[in-house]
Amino acid sequence: MNLPPASTSIDLSAAPADQSTPTGGAMSVEEFCRWACVGKTKAYAEAKAGRLVLRKIGAKTVIIRADAEAWLRALPAASSAAA
């Protein structure tokens, strides 16, 4: 049986690294919490404080990925003493 030689490179662009990580433009609050490693209470507190934008699609609350990434970038840097 003749098999083609094994490729030494792997194309990762076709499949997401983690199927549980949302890749679309918006994520549910639950998906955001998994993505950001925070609880729902913290997510809603950040929204109430005006640091995280929540949007509605009918009855569903979503967070646009760009807003989630902006929230993450706006977090303060940890000091070396806190690490």
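A salt bridge (charged side-chain N to carboxylate O under 4.0 Å, His left out) check over residues 67-78, counting only residues at least two apart or in different chains, returns the pairs Arg55-Asp67. The stretch residues 35-44 participates, sequence neighbours left out, in these salt bridge (charged side-chain N to carboxylate O under 4.0 Å, His left out) pairs: Glu30-Lys40, Lys42-Glu46. Sorted by first and then second residue, the ring-ring contact (aromatic ring centres under 6.0 Å, His included) pairs involving residues 43-67 (not counting sequence neighbours) form an empty list. For residues 50-74, every residue pair satisfying the ring-ring contact (aromatic ring centres under 6.0 Å, His included) rule, not counting sequence neighbours, is listed here: Phe32-Trp71.
Ile64 and Trp35 fall into different hydrophobic clusters, where Ile, Leu, Val, Met, Phe, Trp and Tyr are joined by side-chain heavy atoms under 4.5 Å apart, directly or via other members.
Rounding to the nearest 0.5 Å places CZ of Arg65 at 11.0 Å from CG of Leu72.
The side-chain hydrogen bond (donor to acceptor under 3.5 Å, both in side chains) check on Lys56 picks up Thr61, with sequence neighbours excluded.
For the pair Ile63/Val53, no side-chain contact is recorded, criterion being any heavy-atom separation below 4.5 Å from C-beta on.
Under a 4.5 Å side-chain heavy-atom cut-off, the cluster of Ile, Leu, Val, Met, Phe, Trp and Tyr residues that includes Val62 is completed by Ile57.
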